[in-house]
Amino acid sequence: MSVSSGEMGPSLTQEILSHLGLADKTTVWGTLGTLRTFLSFSVDKDVQRLLRAITGRGVDHSAILDVLTNRSREQRQLLSRAFWERTQQDLLKSLRAALSGNLERIVVALLQPTAQSDAQELRTALKASGSAKDLAVEILATQAPPQLQECLTAYKHHFQVEVEEDIKSETSSILQDLLLALAKGSRESYCGITDYNLAEQDVQALQQVEGPGTEGPWVLIFTQRNPEHLRQVFDLYQWRTGRVLEEAVQDRFHGDALAALLSLAAVVRNTPLYFADKLHQGLQETEPNYQVLMRILISRSEIDLLSIRAEFKKKFGKSLFSSLQDAVKGDCRQALLALCRAEDL
């Protein structure tokens, strides 16, 4: 449901799980990703298959993608190490030499450790200008604390600088404050109990701050409160004022700060829907934004891509799988469809 509809309901995934009695038992349901551990994994067979695909008469793109898009990231890392042990060749370098274009890029993304991929995306976003900073917000806001710490450690290792230093040199004002707060990874955890008094205080704080230099409460509330609490704040703010909080953000902020706060609000309200919107935007461009499609489909394939697919179909009336089939061309089409996995009827 859109944030401007006047009433917020549960996400489509939550609705489905609630009917199954599993809304609060995602470990029983299992992963909401499309890519799971391959139960018949044989590292020796995979090494031999990839070796034949690379060194045979003509590179076998289908064989390469069939292996890499049907193994979990952990299994792909095991495969990379085994390939080196058995052949004394670096699998990533061997595949990069054999491939090109978008297919090369997606294979590189599949084989890189998650933390390294995230760190590189974050660095690119911080060094870029304009709307690219929105990606930095996305990366920092959608990571679980352990994964965020791994990303920041990889960032320092690969670029020999703390991410905070790059944030300070590449951003300013409230966007800088938001990114620095998110990079600390100190968002409160949800203990299962809603503090309605604190939610009331937060709503009052957001209503009262006006004028330059009064952005502090916005930064604190948006970056420190847990998502469950924030959704309560959003609902209470709308009940108190008669309008959604995003409208107040649009009135109060502009530029990068506006985009960052709206992105944070969208992530908090419904993370799968946020990514569904990003995928739809990437598919609507004159030429599909392959970087966006690859990043989301790979990074969310073991987390919540099933949920993203459900939200995509619900909002746009067409499945993500069909949308990819219609828009994506070239060698990476097979890989993206394999990560998406299946049609949603």
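The first residue in the sequence is number 1, and the count goes up from there. Computed from heavy atoms alone, side chains included, the values below leave out hydrogens, waters and symmetry copies.
To the nearest 0.5 Å, the span separating CD1 on I296 from CD1 on I303 amounts to 11.5 Å. A distance of 10.0 Å separates NE2 of H158 from CD of Q160, quoted to the nearest 0.5 Å. The line from CZ of R81 to CG of D90 is 12.5 Å long, rounded to the nearest 0.5 Å.
Within the 3.5 Å criterion, the main-chain N or O of R295 finds no donor-acceptor partner in the side chain of R300. At distances below 3.5 Å, not a single donor-acceptor pair connects side-chain atoms of K313 with backbone N or O atoms of L320. The backbone N or O of E162 sits nowhere less than 3.5 Å from a side-chain atom of E165 that would complete a donor-acceptor pair.
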### Query
Is there a side chain to side chain contact (heavy atoms under 4.5 Å, CB included) between R225 and V268 once you walk through the steps?
CA-CA 10 Å; R225 304 291 190 249; V268 167; over 6 Å; no
### Task
Take H229 and E188 through the side chain to side chain contact (heavy atoms under 4.5 Å, CB included) test and state the conclusion after the steps.
CA-CA 9 Å; H229 176 88; E188 300 161 354; 5.6 Å; no
### Message
Walk me through whether T271 and F275 qualify under side chain to side chain contact (heavy atoms under 4.5 Å, CB included).
### Response
CA-CA 6 Å; T271 300; F275 282 113; 3.6 Å; yes
#### Entry: side chain to side chain contact (heavy atoms under 4.5 Å, CB included) between T114 and Q147, intermediate numbers included
CA-CA 8 Å; T114 303; Q147 285 69 48; 5.8 Å; no
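Here the closest heavy-atom approach between residue L305 and residue C340 is recorded as CD2-CA, 4.2 Å.
A salt bridge between R52 and D60 is absent, with no side-chain N of the basic residue lying under 4.0 Å from a carboxylate O of the acidic one. The pair D344-R309 meets the salt-bridge criterion, with a side-chain N (NZ, NE, NH1 or NH2) lying under 4.0 Å from an Asp/Glu carboxylate O.
With a 4.5 Å cut-off on side-chain heavy atoms, D256 and T171 do not count as touching. Counting heavy atoms from C-beta on, the side chains of K318 and H280 never come closer than 4.5 Å. S263 has its side chain out of reach of E138: every pair of non-hydrogen atoms, C-beta onward, lies at least 4.5 Å apart. Under the 4.5 Å side-chain criterion, counting only non-hydrogen atoms from C-beta, M294 is in contact with R105. Between Q281 and N289 there is no side-chain heavy-atom pair separated by less than 4.5 Å.
Each of K127, Q176, R123 was compared with E170 under the side chain to side chain donor-acceptor pair (under 3.5 Å) criterion, and only K127 meets it.
Residues L258 and L135 share a hydrophobic cluster, clusters being chains of Ile/Leu/Val/Met/Phe/Trp/Tyr side chains in contact below 4.5 Å.
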